[in-house]
**Q** 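Below is a structure I'd like to ask you about.
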Amino acid sequence: MELQVTNSPFNQEQVELLNRLIPTLNDAQKTWLSGYLTAIQGIAAVAAGTGAASNVQAEAVSAVSVPPASREVTVLYGSQTGNSSGLSKKLAKKLEEQGLQVTLSSMGDFKPNGLKKIENLLIVVSTHGEGEPPDNAIPLHEFLNSKRAPKLDGLKYSVLALGDTSYEFFCQTGKDFDQRLQELGGTPIVPRVDCDVDFDEAAAEWMNDVLASLSSTPATAGIVSSEAVVAAVSGGESEYNRTNPFKAEVLENLNLNGRGSDRETRHIELSLEGSNLDYEPGDSLGVFPENHPRLVDELIAAMGWNADERVTVNKSGEQVSVYEALLRYFEITAVTKPVVQELAKLSPDSGLADLLANDAEFRNVMNSCDLLDLVQDYHLKGIPAGEFVAVLRKIPARLYSIASSSKSFPDEVHLTVRTVRYEARGRERYGVCSVHLAERIEAGDSLPVYIQHNPNFKLPENPDAPIIMIGPGTGVAPFRSFLGEREETGAQGKTWLFYGDQHFLTDFLYQTEWQRWLKDGVLTKMDVAFSRDTEHKVYVQHRMLENSKELYQWLQEGAVIYVCGDEKTMAHDVHGALATILEQEGGLTSEQASEYLTRLQQEKRYQRDVY
C-alpha cells in the first residue's frame, strides 16, 4: 500500500522516497525503524524541557547508531574441511563493521560453560559422515546433550547448517544444535537455514537476515553477496575458486598399483602455473568431474529424449545440448530428496509421492539407486528434457587430499585417487570422478579445479614437534605432502608413519619415496600392515597396538597425531586403538582415555581428515 499525499504531512519528494523505501524493508528493519523514531521523539522531548533543543536530531542519530554494550555477539563454528570456518570469519567481519562486539571461536576452543554468559549466539556448523558433528564440534555437541547443559532462557541464537542432500542425515548436526538450544530456552534470532553443497546463495541470505536483525544500521546491513561467500571459503588471492575453477593441465596420470592388483590407484599431477593458487600441506583440491558417457546415453534413451535438444543449464540462461548438460553440468548418480520431490510434481502418477512418504524405502533408494534406476523403476519417461534437468542438482566437486608440497613441486599439485567400480542390479557402476580420471583423462588434458583450504589438518607450528601419521590406502596422500614439506623446510621433529593396504608387492603406494625419506632421516620410523599377505588380516591399528609403549612415549613427548582415510571403519578402529594404548600404558580408565583424546583434539594434537 502506497502512502498518499492527501492529508499527509510529507511533501511530494518525501512521499516518493518513502514509497520506494518501505516495500524493501523486512520485519527486523521495520522494528528497528520504529524504535529509532521513538528514540528521536523521546530525546527531543527531554531537550525541549531543558532548553537544549539545538542539534537534537543529530544527537538522536548518534545515540541510536552506537550499539549498546549488551549487543555482543558470539560466533561459533564447527568445521571439518574449512567451509564453516571461512563463513564464520566473513560473518564476524561484517558484524564488526556494523559496530557490534564479536567473539569468534572454533567450537573446539570454546568452553561450554561460557554459554550461560552469552546473549547472542550464531552457529555455523557442518555435518560429517552419517549425521555426525565435525571433530571440533564434538565437545560442545556432547555438552549440550548432557545433564550439565544449563538453562538458556535469555539466549538469542541462529544456526547456519552445512550439509549434502545426497546423505540420509542432511544437516543433522545443525538441526541438533537448533533443537537443543530451543529446548534449553533459547529463542531464534532468525530461522535455521540448511544448505546443500552449493551453499553460496543460501548462506549469503542467512547472513544478511542475521545482520539486519542484530545490526545498529539494518537498512545498510544486507551487504553479503554469494560472491563474497565464495571468496570467504576459498581464501587466498587467486581469482579462481569453486564457482570459477581453474583449468589445470594434466602433467602425469599413472597407475600406482602393480600388475595383478585388485585395485587401481591413480597418481595425478596437475599444473597450477598462472593460476595464483596456493596451498599448504593438509589442504584439499576440488575437482569437477564429468559423468560417465555410457550412463548419460542410457538415461537419454530411457527418457526418449533427443540428445541434441537444447536445455537451459544456469540462471544466466546458457543453453547446451541435453547430452552436454547431463555429462558436465548435473548430478545423475545420486538420488536426493529435493530432486525426487520436484520429479514427483512433474509426474504425479509415478508413485514418487508414495516413495517419499515411506522413510525406510526412500532411504534404501537413496543409498542404492542412481537417476537411471529411478527413471526406470517409476516410469518417468515423458517428462520434457528442459523440465527434468531444471530440477537436478549441479554436479558437485570431489575433494581430494593434496599429495604434494608446493615447496617441493612449485606450480604443481598432486592427487592420489582410488578408482571405484562395482556392479549393482545387473549394471556396472562408476565412481564419478575416479573413473573419469582413470579412463578419460590423459597428459595434456585439463581439469577444472580449485583449492579447499583446511585449517583443521595442519602441520604443527613447531618444526621440532614429533608427528605420528596414520593413513592406509589413499589416506597416505597428505602425509606425502607433510614429509615433502618437512624435507624442504629442514624440520627436525621425529616422524612416524603407519601405512596399510592389501598386498606388499602390488599395493605399496609411493614405496620408493618412503624408503628414500627413511634413508635420509626425513621419516624416522615406518610401520606397515598388508592385510591380505597374512593368514589373519592385519591393519594399521594392530601395528599401533604392537608399538603401544613407544607410541605412548611419543605422545608424552608432545607428538601430534594425524589420521586420514575411511571414517566408518578405519578411523573408528584407530581411535579405539589410541584409547586402548592410553589405558594400557598410561593406566587410565576408559573415561579418562576418552577425555585425554578430547583434550588432544582441543589442543590440535589429534587431527583427522576422514571421509
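FYI, side chains are in, hydrogens and waters are out, and symmetry mates aren't considered; it's all heavy atoms of this structure.
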**Q** Taking Gln172's backbone N and O only, do any of them form a donor-acceptor pair with Thr127's side chain (distance below 3.5 Å, no angle check)?
**A** yes
**Q** Which pairs count as ring-ring contact (aromatic ring centres under 6.0 Å, His included) when at least one residue sits in residues 572-611, sequence neighbours excluded?
**A**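 Non-adjacent pairs meeting ring-ring contact (aromatic ring centres under 6.0 Å, His included): His575-Tyr606.
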**Q** Answer yes if the side chains of Asn547 and Trp496 hold a donor-acceptor pair under 3.5 Å, and no otherwise.
**A**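 No, because no side-chain N or O of Asn547 sits under 3.5 Å from a partner of the opposite role on Trp496.
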**Q** Can a donor-acceptor pair be found, under 3.5 Å and without considering hydrogens, that links the side chain of Asp566 to the backbone of Ala571?
**A**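 No, Asp566 side chain to Ala571 backbone: no donor-acceptor pair under 3.5 Å.
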**Q** Pro281: which residues meet the side chain to side chain contact (heavy atoms under 4.5 Å, CB included) condition with it, sequence neighbours left out?
**A**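 For Pro281, the residues satisfying side chain to side chain contact (heavy atoms under 4.5 Å, CB included) (neighbours in sequence not counted) are Leu459, Ser481, Phe482, Glu485.
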**Q** Can you label the angle between the Tyr562 ring and the Phe457 ring as parallel, tilted or perpendicular, going by 30° and 60°?
**A**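 Ring orientation of Tyr562 relative to Phe457: perpendicular.
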**Q** Could you tell me whether a side-chain N or O of Arg605 sits under 3.5 Å from a main-chain N or O of Leu555, the two making a donor and an acceptor?
**A** yes
**Q** For Trp554, give me all partners under side chain to side chain donor-acceptor pair (under 3.5 Å), at least two apart in sequence or on another chain.
**A** none
**Q** So for atom CD, which belongs to Glu461, do other residues, nucleotides or ligands contribute more than 12 heavy atoms lying within a distance under 6.0 Å?
**A**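 Not buried by this count: 12 neighbours or fewer within 6.0 Å.
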**Q** Any carboxylate oxygen within less than 4.0 angstrom of a Lys/Arg side-chain nitrogen, looking at Arg418 and Asp501?
**A**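 Yes, Arg418 and Asp501 are salt-bridged.
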**Q** Do Gln452 and Asn83 get their side chains close enough for a donor-acceptor pair, meaning under 3.5 Å?
**A** yes
**Q** Using every non-hydrogen atom in the two residues, find where Leu95 and Leu214 come nearest and quote the distance to one decimal.
**A** CD2-CD1, 4.3 Å
**Q** Answer yes when Arg543 and Glu546 have at least one side-chain N-carboxylate O distance shorter than 4.0 Å, and no when they do not.
**A** yes
**Q** When you compare the side chains of Thr165 and Arg393, does any donor N or O come within less than 3.5 Å of an acceptor on the partner?
**A** yes
**Q** Not counting sequence neighbours, which residues clear side chain to side chain donor-acceptor pair (under 3.5 Å) with Arg486? List them please.
**A** none
**Q** Are any non-hydrogen side-chain atoms of Arg480 and Leu509 less than 4.5 angstrom apart?
**A**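 No. Closest side-chain heavy atoms not under 4.5 Å.
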**Q** Cut-off 3.5 Å, no hydrogens considered: what does the side-chain donor-acceptor table look like for residues 143-150, sequence neighbours left out?
**A**
| residue | atom | partner | partner atom | Å |
| --- | --- | --- | --- | --- |
| Asn145 | ND2 | His141 | O | 2.8 |
| Ser146 | OG | Phe143 | O | 2.7 |
| Ser146 | OG | Arg148 | N | 3.2 |

**Q** Side chain to side chain donor-acceptor pair (under 3.5 Å) with Trp514: which residues, sequence neighbours excluded?
**A**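 If we apply the side chain to side chain donor-acceptor pair (under 3.5 Å) test to Trp514, skipping adjacent residues, there are no hits.
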**Q** Using a distance-only test with no angle check, is there a side-chain donor-acceptor pair under 3.5 angstrom linking Tyr279 and Ser284?
**A** no
**Q** Tell me, please, which residues at least two apart from Arg363 pass salt bridge (Lys or Arg N to Asp or Glu O under 4.0 Å).
**A** Glu168
**Q** Taking the side chain as every heavy atom from C-beta outward, state whether Lys604 and Val560 have any pair of such atoms under 4.5 Å apart.
**A** no
**Q** Minimum heavy-atom separation for Cys564 and Met570, please, with both atom names.
**A** O-CE, 3.3 Å
**Q** Could you list the residues that satisfy side chain to side chain contact (heavy atoms under 4.5 Å, CB included) with Tyr167, not counting sequence neighbours?
**A** Glu130, Asp164
**Q** For Pro455, what residues pass the side chain to side chain contact (heavy atoms under 4.5 Å, CB included) criterion, not counting sequence neighbours?
**A**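 Partners of Pro455 by the side chain to side chain contact (heavy atoms under 4.5 Å, CB included) criterion, ordered by chain and then number, come out as Ser85.
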**Q** Using side chain to side chain donor-acceptor pair (under 3.5 Å) as the criterion, list what pairs up with Ser158, not counting sequence neighbours.
**A** Trp206
**Q** Among side-chain atoms of Glu585 and Ser548, is any donor-acceptor pair under 3.5 angstrom?
**A**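 Indeed, the side chains of Glu585 and Ser548 share at least one donor-acceptor pair under 3.5 Å.
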**Q** For Asp178, check salt bridge (Lys or Arg N to Asp or Glu O under 4.0 Å) against everything at least two apart and list the hits.
**A** Arg192
**Q** Verify the distance criterion only: is there a donor paired with an acceptor across the side chains of Thr173 and Asp176 at less than 3.5 Å?
**A**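 On atom types as modelled, these side chains do not qualify, holding no pair under 3.5 Å.
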**Q** Applying side chain to side chain contact (heavy atoms under 4.5 Å, CB included), name anything that partners Glu280, two or more places apart in sequence or on another chain.
**A**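 For Glu280, the residues satisfying side chain to side chain contact (heavy atoms under 4.5 Å, CB included) (neighbours in sequence not counted) are Asp283, Lys458.
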**Q** Are there more than 12 heavy atoms of other residues, nucleotides or ligands under 6.0 Å from atom NZ of Lys494?
**A** yes
